[in-house]
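Reviewing the structure listed below.
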Amino acid sequence: MTHTRSGSILLSLLAACGPTEGAPFALECGPVPEFGPCEGPDGIGVCAMGACVPVPACPGDGCGGPTDPLADTQLTFCVDGGDGQVACPGAAADPSCADTPYCGQDAQYGDDLAGGARFERDGDEPVVHDLVTGRTWAGCALGQTGPDCGGEALVTDFYEASAACEALEYGGYDDWVLPDAWSMQSIVDYAVTGPAFDLAAFPGTPSTFAEDYDAWWEECAWTSSTYAGADQVGWVVMTNSGDVSQGSGLTYHYNDHAADGWAGCAARCVRERAPSSTARFIRIEPVPQEPIVVDRIGPRVWAGCAVGQAGAACDGPATMLTWVDALAACEGLVWADQDDWRLPDVKELLS
C-alpha cells in the first residue's frame with residue numbers, strides 16, 4: 001500500500017529485506033516530504049506517514065528488488081463484468097467507493113506522469129531515457145539497428161543474450177546488461193497489447209502476433225532474474241501481453257536458460273545500476289497489531305497483512321476474494337489509523 005498518485009495507499013502482504021520490528025514511530029518529520037530523508041535518534045531514516053522510520057543496512061552485497069521508483073501501468077480505462085471498456089464507476093478514494101461495484105480500479109487513480117512524457121528517445125543508435133525510473137535503455141532489441149530499429153531481432157538462449165548485452169557498445173555507452181524482471185516489466189504498457197510496449201519509444205519491438213495468433217504465447221524477452229523454483233529457468237516478459245512468466249509456449253514449457261527444444265527469447269539491454277545498500281522494506285507497527293511495510297524505493301506503504309489476517313504476525317488465513325470484492329475490501333479498509341488504502345496495480349504487486 002502506498003502514498004502515491006492521489007495520496008492513496010495500496011493493499012497486500014510483502015516480506016521485508018532487513019526488517020526493523022517494532023521500530024520507533026513517534027518522531028515527527030516536520031517539513032520533510034513523504035519518503036524524503038529525515039534524521040532520527042538512530043541516524044538517517046525515511047519519512048513515512050509523518051514519522052521518521054530508521055532504515056537498516058542490507059546484509060551482504062545489498063538488497064534485491066527494484067532500485068528505482070515504480071512506473072505506472074499506463075491504463076486509462078475501466079472494465080466491468082462484460083467484455084468491453086466502461087466509464088469508471090464511482091469516485092476512487094471516496095468512502096462511497098467501497099460500496100460501488102468495480103470502483104477503485106487502476107485507471108481511477110490517474111497517471112503518475114499527469115499527461116507528461118514518460119520516455120525520451122534520441123540518437124542514430126537510439127537510446128531511451130525513462131523519466132520515471134531514471135534508467136537508460138537500448139532503443140532497439142538485440143539484432144536490430146538504425147533509428148527505426150530495422151531488421152530481425154536476435155532470438156536466442158539466455159546465455160547468448162546475456163553475453164551480447166555485456167559486450168554491447170551502443171549509443172555511446174559500454175555498460176549494458178540484461179535487465180532484471182522488475183526493470184523489464186517497468187517499461188510494459190498495459191493499455192496496449194501485441195506488443196505491450198510504447199512503440200513511439202520502442203519501435204520495432206519484436207511481435208508477429210498480428211500475423212500469427214500463436215505468437216501470443218511464444219514471443220518473449222529475457223530477463224536476468226532466475227526463477228526460484230529451478231536454478232536453470234529464467235523469468236521472461238511476454239512481449240504481447242506484458243506478463244512476467246517462468247514458462248511459455250503453445251505447448252507450455254519452462255523457460256530454461258539453454259532454450260532446449262524451443263526458439264528462446266529476444267532481449268533488450270539496459271544500463272547497469274548499483275544495488276541499494278540499505279533496506280528496501282521496513283516493517284513497523286504505528287498502531288499495535290496493525291503492521292505496515294514501508295517500501296522506501298517504490299516509494300509505497302503497504303498493509304503488513306493480507307485481507308483477513310490480523311496481528312503483528314498476520315495470524316489467520318487470508319480471505320480469498322473475487323477481483324470486485326478485493327477492490328471493495330481495500331477501498332473500505334481502515335488499518336494503522338489510515339483509511340485511504342487501495343488495491344495495487346500489477347507493477348506494484350509484482351514489485
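The figures here come from the full heavy-atom set of this structure, side chains too, leaving out hydrogens, waters and symmetry mates. This is a predicted model, so every value here is computed, not measured.
Between P147 and P203, the closest heavy-atom pair is O-CG, 4.3 Å. Shown here for G171 and E125, the closest heavy-atom pair between the two residues is N-OE1, 2.8 Å. The shortest heavy-atom contact between A274 and T67 is O-CG2, 3.9 Å. Pairing each heavy atom of V46 with each of V294, the nearest pair is CG1-CG1, 4.4 Å. Closest approach of A336 and P286 over heavy atoms only: CB-CG, 3.9 Å. Closest non-hydrogen pair, A161 versus W222, comes out as CB-CD1, 3.8 Å.
Rounded to the nearest 0.5 angstrom, K347 NZ and L350 CG are separated by 10.5 Å. In this structure, the separation between CD1 on I292 and CD on Q338 is 7.5 Å, given to the nearest 0.5 Å. We find the OH-SG distance between Y102 and C78 to be 12.0 Å, quoted to the nearest 0.5 Å. Remark: D340 CG to D94 CG distance equals 12.5 Å, nearest 0.5 Å. Of the inter-residue distances, the one linking W182 atom CH2 with S351 atom OG reads 9.5 Å to the nearest 0.5 angstrom. Within the model, atoms OG1 of T100 and CG of L327 stand 11.0 Å from one another, a figure rounded to the nearest 0.5 Å.
No side-chain donor from either of D345 and T73 sits under 3.5 Å from a side-chain acceptor of the other. At a cut-off of 3.5 Å, with distance as the only test, a side-chain donor of Q185 or Y190 sits close to an acceptor on the other residue. Counted by atom type alone, D99 and S96 present zero donor-acceptor pairs between their side chains at under 3.5 Å. Donor-acceptor pairing under 3.5 Å is lacking for the side chains of R273 and T133.
When hydrophobic clusters are built by joining Ile, Leu, Val, Met, Phe, Trp and Tyr residues whose side-chain heavy atoms come closer than 4.5 Å, directly or via intermediates, V53 is grouped together with F35. Hydrophobic clustering of Ile, Leu, Val, Met, Phe, Trp and Tyr side chains at less than 4.5 Å, counting indirect connections, keeps V155 apart from Y159. A continuous path of Ile, Leu, Val, Met, Phe, Trp and Tyr side chains, each step under 4.5 Å between heavy atoms, connects V237 with V270, placing both in one hydrophobic cluster. The cluster map of Ile, Leu, Val, Met, Phe, Trp and Tyr, joined by side-chain heavy atoms under 4.5 Å apart, puts V346 and V244 in the same cluster. One hydrophobic cluster holds both V177 and V128 under the rule that ILVMFWY side chains link at heavy-atom gaps under 4.5 Å.
Without hydrogens or angle criteria, R121 side chain to A200 main chain gives no donor-acceptor distance under 3.5 Å. Listed for the R118 side chain is no donor-acceptor partner under 3.5 Å among the backbone atoms of V132. The closest donor-acceptor contact from the side chain of Q309 to the backbone of G316 lies under 3.5 Å. Between the side chain of R296 and the main chain of G45, no donor-acceptor pair closer than 3.5 Å is present. Side chain of R268 to main chain of F202: no donor-acceptor pair is present (N/O by atom type, distance under 3.5 Å, no hydrogens or angles). Between the side chain of E331 and the backbone N or O of A98 there is no donor-acceptor pair closer than 3.5 Å. D148 places no side-chain N or O within donor-acceptor distance of the main-chain N or O of G150, the cut-off being under 3.5 Å.
Counting non-hydrogen atoms of neighbouring residues, nucleotides and ligands closer than 6.0 angstrom, the CD atom of E152 reaches no more than 12 such neighbours. Counting non-hydrogen atoms of other residues, nucleotides and ligands closer than 6.0 Å to CG of D124 gives a total of 12 or fewer. For E272, the CD atom is loosely surrounded, since the number of other residues' heavy atoms within 6.0 Å does not exceed 12.
In this structure, C140 and T145 have side chains that are not in contact, with every pair of non-hydrogen atoms separated by 4.5 Å or more. Counting heavy atoms from C-beta outward, N240 and T193 have side chains that stay 4.5 Å or more apart. No side-chain heavy atom of T208 sits under 4.5 Å from any side-chain heavy atom of E218. Looking at heavy atoms from C-beta onward, D189 lies out of side-chain contact with F197 at the 4.5 angstrom threshold. Contact of the P126 side chain with the Y170 side chain is registered, since non-hydrogen atoms from C-beta on lie closer than 4.5 Å. Within the 4.5 Å cutoff, the side chain of P89 has heavy atoms near those of the Q105 side chain. Side-chain contact between E34 and M49: present, with at least one pair of heavy atoms (C-beta onward) separated by less than 4.5 Å. Looking at W335 and V287, their side chains never come closer than 4.5 Å, going by heavy atoms from C-beta outward.
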Begin with the C-alpha distance, continue with both residues' side-chain angles, and end with the deciding distance and a verdict on disulfide (SG to SG under 2.5 Å) for C47 and C38. CA-CA 6 Å; C47 185; C38 55; 5.5 Å; no
Under the side chain to side chain contact (heavy atoms under 4.5 Å, CB included) rule, what do N255 and W235 come out as? Steps first, then yes or no, please. CA-CA 7 Å; N255 296 318; W235 288 105; over 6 Å; no
Take E160 and L154 through the side chain to side chain contact (heavy atoms under 4.5 Å, CB included) test and state the conclusion after the steps. CA-CA 10 Å; E160 184 175 351; L154 176 67; 4.0 Å; yes
Take D295 and I297 through the test side chain to side chain contact (heavy atoms under 4.5 Å, CB included) and record every step on the way to the result. CA-CA 6 Å; D295 173 0; I297 291 176; 3.9 Å; yes
Go through it in stages, so that I can follow the logic: the residues are T136 and D130, the test is side chain to side chain contact (heavy atoms under 4.5 Å, CB included), and I'd like the CA-CA distance, side-chain angles, deciding distance and then a yes or no. CA-CA 6 Å; T136 300; D130 186 332; over 6 Å; no
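The pair D68-R135 meets the salt-bridge criterion, since a charged nitrogen lies less than 4.0 angstrom from a carboxylate oxygen.
Taking the six-membered ring for Trp and thresholds of 30 and 60 degrees, W262 and H253 have ring planes inclined between 30 and 60 degrees apart. Between Y227 and Y254, the ring-plane angle classifies as tilted under the 30° and 60° cut-offs. Between H257 and F158, the ring planes are parallel. Angles under 30° get that label, and only those over 60° would be called perpendicular. Ring-plane geometry between W217 and Y213 is classed as perpendicular, the angle between the planes exceeding 60 degrees on a 0 to 90 degree scale with a lower cut at 30.
For D243, there are no salt bridge (Lys or Arg N to Asp or Glu O under 4.0 Å) partners at least two apart in sequence or on another chain. With sequence neighbours left out, the salt bridge (Lys or Arg N to Asp or Glu O under 4.0 Å) criterion links D175 to R271.
The disulfide bond (SG atoms under 2.5 Å apart) pairs that include a residue from residues 229-304 are C165-C269, C220-C265, where partners are two or more places apart or lie in different chains.
Between C103 and C97, a gap of under 2.5 Å is found separating the two SG atoms.
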